[in-house]
Amino acid sequence: MEQCIPATAGFSSDKWEIDPSELTFMKELGSGEFGVVRLGKWRAQHKVAIKAIREGAMSEEDFIEEAKVMMRLCHPKLVQIYGVCTTQHPICIVLEFMENGSLLQVLRHHGNSLECVRLLAMCQDVCEGMQYLEHSNFIHRDLAARNCMVNEKNVVKVCDFGMARYVLDDQYTSSMGSRFPVKWSPPEVLHYNKFSSKSDVWSFGVLMWEVFSEGRTPFGNRPNAEVVDEVTQGVRLYKPHKAPTNIYNIMYECWHERPQGRPSFSSLLQSIKDIIEEFTL
Ligand code: ADP
């Protein structure tokens, strides 16, 4: 299961469809936009995470079509989608199990014991997953620490890529909605709904800020409307206490007003690797 190719090899006869009778449901791991996530076992042996989709939470037909594309995305820094169960309700998504839960939880519980170079290595993991998505021309649309997961070896992997498109909740999908990720979004998304790999780069800068502030909420409890106004006027997040200037410069580059002015994930990855090398010299 650690190996990627092919993503669902041995998991099901019909490539992406997993037989629900081969799944055992175990303890609850958490819940999110789509419903409850449980630990489970496939064929009584392989640990998996099973996301059961709450009735009315997802535009299911569109998702099932796109799931075929998503399952082909395969990289050591992406949470693998093993398959789906769509023959009964609720439909389920079967995912790689990530023992330590979300990156946000890890930062909030253990952030203060993590050194700067370790925090940067977490950003590197995410950047590698995002570089792969960028090369695959796949836009994440909701990159944030809450949507990255950490496994038992403390490897961080990007999760929930592309899933924002299937949420059926106006408060989440409209940039004016109370649950839209305004604090992770660049001006062109807030004003014109224009998503791209460069809007993911902006979000990645905010994710780096979350990492170096040990899981604080960007812009604190400021109302979204105020954040939209300020970001549009050019105000940016301050330097988090654990970030040296060269690391703050990397996140700051991600928040260039124009998408073309922001670096690519490939270039971000190089900058991060260069700093990690300085640390380990
Ligand atoms: P949604 O996509 O419905 O918003 P999330 O992906 O945010 O749901 O998952 C909700 C919670 O479930 C996470 O915060 C995490 O604690 C847990 N979880 C989700 N996916 C996994 C996974 N692959 N492995 C372990 N825990 C997971």
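One-based numbering, in listed order, for ligands and for the atoms of each. Here the structure is a predicted model, which is why all the values come from computation and not from measurement.
Asp200 places a side-chain N or O within 3.5 Å of a backbone atom of His140 that can act as its donor or acceptor partner. Side chain of Arg43 to backbone of Glu22: no donor-acceptor contact under 3.5 angstrom is found. Between the side chain of Lys242 and the backbone N or O of Glu214, no donor-acceptor pair lies under 3.5 Å.
Ligand 1 places these atoms under 4.0 Å from at least one heavy atom of Ser31: 10 (C), 11 (C). Atoms of ligand 1 found under 4.0 Å from any heavy atom of Ala49, numbered from 1 in the order shown, are 22 (C), 23 (N), 24 (N). Listed by number with element, the atoms of ligand 1 under 4.0 Å from a non-hydrogen atom of Glu33 are 1 (P), 3 (O), 4 (O). Short contacts between ligand 1 and Leu29, defined as distances under 4.0 Å to a heavy atom of the residue, involve ligand atoms 16 (O), 25 (C), 26 (N).
Here Met163 has no heavy atoms under 4.0 Å from ligand 1, in either its backbone or its side chain. With a 4.0 Å cut-off on non-hydrogen atoms, Cys159 does not touch ligand 1 at all. Residue contacts with ligand 1, taken as heavy atom pairs separated by less than 4.0 Å, involve Met149 solely via side-chain atoms from C-beta onward. With a heavy-atom cut-off of 4.0 Å, Asp160 touches ligand 1 through its side chain alone.
Where the criterion is an N or O separation shorter than 3.5 Å, residue side chain and backbone included, Phe34 meets it with respect to ligand 1. Residue Arg146 places no N or O, backbone or side chain, under 3.5 Å from any N or O of ligand 1. Between Met98 and ligand 1, at least one pair of N/O atoms sits closer than 3.5 Å.
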Starting from the C-alpha separation in whole Å, work towards a yes-or-no answer on side chain to side chain contact (heavy atoms under 4.5 Å, CB included) for Glu33 and Asp160. CA-CA 11 Å; Glu33 200 63 46; Asp160 290 326; over 6 Å; no

Should Met70 and Trp16 be marked as a side chain to side chain contact (heavy atoms under 4.5 Å, CB included) after you check the CA-CA gap, both sets of side-chain angles, and the distance that decides it? CA-CA 10 Å; Met70 290 177 171; Trp16 52 80; over 6 Å; no

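Protein heavy atom nearest atom 14 (O) of ligand 1, with residue, atom name and distance: Gln105 NE2, 3.9 Å. The protein heavy-atom contact nearest to atom 2 (O) of ligand 1 is Lys51 NZ, 2.7 Å. Distance from atom 9 (O) of ligand 1 to its nearest protein heavy atom, with residue and atom name: Val37 CG2, 3.7 Å.
Under the 6.0 Å cut-off for aromatic ring centres, Trp209 and Tyr238 qualify, their centroids lying closer than that.
One finds no salt bridge joining Asp62 and Arg165 here, because no Lys/Arg side-chain nitrogen approaches an Asp/Glu carboxylate oxygen to under 4.0 Å. Electrostatic pairing of Glu188 and Lys198 does not count as a salt bridge here, judged by no charged N lying under 4.0 Å from a carboxylate O.
Atoms CZ and SG, from Phe204 and Cys127 in turn, are 4.0 Å apart once rounded to the nearest 0.5 Å.
Aromatic ring pairs are classed by plane angle as parallel below 30°, tilted from 30° to 60° and perpendicular above 60°; the pair Trp255 and Trp202 is tilted.
Nearest-residue assignment for atom 23 (N) of ligand 1 (options Gln80, Glu28, Glu96; heavy-atom criterion): Glu96.
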